[in-house]
Chemist: 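Got a structure for you, questions after.
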2 protein chains.
Amino acid sequence: MNISDVARDTGLPPKTIRYYEEIGLIRPMRGDNGYRVFRDSDVHKLAFLGRARTLGFSIEDCRTLLALYEDQDRASADVKQVAQDHLDKIEDKIAQLQSMQATLKHLVRECAGDNRPDCPILSDLAKG
Amino acid sequence: MNISDVARDTGLPPKTIRYYEEIGLIRPMRGDNGYRVFRDSDVHKLAFLGRARTLGFSIEDCRTLLALYEDQDRASADVKQVAQDHLDKIEDKIAQLQSMQATLKHLVRECAGDNRPDCPILSDLAKG
DNA sequence: TCTTGACCCTCCAGTGACTGGAATGCCTAT
DNA sequence: ATAGGCATTCCAGTCACTGGAGGGTCAAGA
């Protein structure tokens with residue numbers, strides 16, 4: 001398989017696939033013409049990576065998860081730890097965004113949004 | 001005022017303050033020794049920027065908001081538009097994170113987290 | 001006066017995870 | 001032979017800082 005076939009099948013852009021090779025997540029073979037040749041195992045890994053990225057795991061987490069996936073002797077506890085840590089980070093992020101959301105909603109509601117210059121949004125930013 | 005005084009008062013690191021000058025958000029004066037000299041108006045602007053950044057506005061949004069703040073003839077509608085667009089983006093982000101959270105919570109709950117290798121988290125990543 | 005330590009300065013490189021683009025080469029069909 | 005659609009590499013840019021090197025300045029104490 002050539003890179004654009006893999007891109008179609010995995011939903012990852014060719015650029016991203018090349019990047020994943022560059023940082024050592026995959027090691028596709030090369031044909032005589034220098035083209036990458038992807039085996040099923042490469043495609044499988046890329047699909048795995050794509051789904052992990054969709055769940056928001058960092059590239060380093062993905063690397064860890066892939067290693068665990070390939071280690072038949074892994075402990076599920078190790079996988080769970082990675083996922084739990086990531087979940088915690090996501091929940092922190094959500095809380096942070098919800099705090100911004102609450103403030104912004106309030107300010108937007110208070111702002112007349114007309115031709116006059118008076119604006120509670122700017123007043124708030126100007127004086128905390 | 002020197003940069004570290006301003007850092008203390010605004011909560012922004014000196015590096016960030018220098019960076020804000022570099023990208024033209026502020027224009028502090030210079031003393032004979034080459035040190036930045038911050039006037040009250042600079043400190044005020046930096047505090048404004050710090051609060052806008054806390055609300056998650058991008059640097060470019062901050063630039064726009066600062067310009068609107070300094071324009072006595074602004075329309076509050078323009079400010080409101082910037083804030084509303086930003087709020088929309090935040091809400092999109094929250095929704096996206098909540099979707100990840102839901103999936104991850106489910107997977108983490110399902111995973112035994114013990115010494116055995118069987119793991120629904122990896123199974124999910126491996127097969128969508 | 002000299003030294004010490006806490007400031008200040010600039011410039012360069014790195015972060016994360018790609019993405020865009022240039023310059024170039026290969027493959028297939030007409 | 002040529003056209004187009006693939007493929008390759010390498011470089012630069014994104015965003016908002018952050019760290020560090022290498023060097024100048026200032027104020028206080030011996």
Side-chain angles (χ1 to χ4, degrees), chain A residues 1-38 42-43 45-46 48-66 82 85-86 89-90 93 96-97 100, chain B residues 1-38 42-43 45-46 48-66 85-86 89-90 92-93 96-97 100:
Chain A
M1 264 177 130
N2 277 353
I3 199 163
S4 65
D5 304 314
V6 179
R8 180 177 25 74
D9 288 7
T10 61
L12 297 171
K15 280 271 188 189
T16 298
I17 296 172
R18 290 191 192 103
Y19 173 67
Y20 285 176
E21 180 187 21
E22 187 187 328
I23 62 174
L25 288 176
I26 52 166
R27 292 184 194 285
M29 299 193 310
R30 295 290 177 137
D32 292 344
N33 54 12
Y35 287 18
R36 288 168 184 83
V37 175
F38 295 85
D42 295 316
V43 179
K45 273 193 204 178
L46 286 167
F48 181 103
L49 290 168
R51 281 186 289 263
R53 293 287 301 132
T54 297
L55 287 180
F57 285 104
S58 72
I59 288 288
E60 284 318 301
D61 280 350
C62 288
R63 198 188 296 279
T64 304
L65 290 171
L66 207 48
V82 173
D85 288 355
H86 178 47
K89 273 185 213 133
I90 283 182
K93 198 80 197 278
Q96 202 185 336
L97 288 172
M100 292 176 186
Chain B
M1 266 179 130
N2 278 352
I3 200 164
S4 65
D5 304 312
V6 179
R8 181 177 25 73
D9 287 7
T10 61
L12 297 171
K15 280 273 189 188
T16 299
I17 296 172
R18 291 191 193 102
Y19 173 68
Y20 286 176
E21 180 188 19
E22 187 187 330
I23 62 173
L25 287 176
I26 52 165
R27 292 184 194 283
M29 298 193 311
R30 295 290 176 135
D32 291 344
N33 55 13
Y35 287 17
R36 288 169 184 82
V37 175
F38 295 85
D42 295 315
V43 179
K45 274 192 201 177
L46 286 167
F48 181 103
L49 290 168
R51 281 186 288 263
R53 293 288 299 133
T54 298
L55 287 180
F57 286 104
S58 72
I59 288 288
E60 284 318 300
D61 279 351
C62 287
R63 199 188 295 281
T64 304
L65 289 171
L66 207 48
D85 288 354
H86 178 46
K89 273 185 212 131
I90 282 182
D92 285 356
K93 198 78 198 277
Q96 202 185 336
L97 287 172
M100 293 176 186

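Below, chains carry the letters A, B, ... as their sequence lines are ordered, and counting in each starts from 1. Not measured: the values here are computed from a predicted model.
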Chemist: Under 4.0 Å, counting only non-hydrogen atoms across every strand here, what does B/Ile3 touch: a base, just sugar-phosphate, or nothing?
Modeler: sugar-phosphate
Chemist: Has the side chain of A/Tyr19 got a donor or acceptor that lies under 3.5 Å from a partner of the other kind on the base of C/dG16?
Modeler: no
Chemist: Check whether any side-chain nitrogen or oxygen of A/Asn33 sits under 4.0 Å from OP1 or OP2 of D/dT8, and answer yes or no.
Modeler: no
Chemist: Just to be sure I understand the rule, does B/Pro13 reach a base, reach only the sugar-phosphate, or reach nothing, if contact means heavy atoms closer than 4.0 Å?
Modeler: sugar-phosphate
Chemist: Applying side chain to side chain contact (heavy atoms under 4.5 Å, CB included), run through A/Ile17 and A/Asp42 and close with a yes or a no.
Modeler: CA-CA 10 Å; A/Ile17 296 172; A/Asp42 295 316; over 6 Å; no
Chemist: Can you check whether B/Thr16 has a side-chain N or O nearer than 4.0 Å to OP1 or OP2 of D/dA16?
Modeler: no
Chemist: For the CG atom of B/Leu97 and the CG atom of B/Asp92, what is their distance to the nearest 0.5 Å?
Modeler: 11.0 Å
Chemist: Could you state the CD-C1' distance from B/Glu60 to D/dA16, rounded to the nearest angstrom?
Modeler: 11 Å
Chemist: Take the protein atom CD1 of B/Ile17 and the nucleotide atom P of D/dC17, then report the distance between them rounded to whole Å.
Modeler: 11 Å
Chemist: D/dA7 C1' sits how many Å from A/Asn2 CG, rounded?
Modeler: 8 Å
Chemist: Exactly one of A/Lys45, A/Arg27, A/Arg30, A/Lys15 should register a salt bridge (charged side-chain N to carboxylate O under 4.0 Å, His left out) with A/Glu21. Which one does?
Modeler: A/Arg30
Chemist: Atom CG in B/Leu49, atom CZ in B/Arg63: separation rounded to 0.5 Å?
Modeler: 9.5 Å
Chemist: Could you tell me the separation between the CZ atom of B/Arg30 and the P atom of C/dC8, rounded to a whole number of Å?
Modeler: 12 Å
Chemist: Examine C/dA6: is either OP1 or OP2 under 4.0 Å from a nitrogen or oxygen in the side chain of B/Ser4? Give yes or no.
Modeler: no
Chemist: Between the side chain of B/Asp5 and the main-chain N/O of B/Asn2, is any donor-acceptor distance below 3.5 Å?
Modeler: yes
Chemist: May I have the distance from B/Arg36 (atom CZ) to C/dC7 (atom P), rounded to whole angstrom?
Modeler: 17 Å
Chemist: Could you check how far OH of A/Tyr35 sits from C1' of C/dT24, rounded to whole Å?
Modeler: 11 Å
Chemist: Just call it for B/Arg18: base, sugar-phosphate, or nothing, with non-hydrogen atoms closer than 4.0 Å on any strand.
Modeler: base
Chemist: Quick one: A/Lys15 NZ to C/dA22 C1', roughly how many Å, whole number?
Modeler: 10 Å
Chemist: Using a 4.0 Å heavy-atom cut-off across all strands, classify B/Tyr20 as base, sugar-phosphate, or nothing.
Modeler: sugar-phosphate
Chemist: Between D/dT14 atom C1' and B/Ile23 atom CD1, what is the distance in whole Å?
Modeler: 14 Å
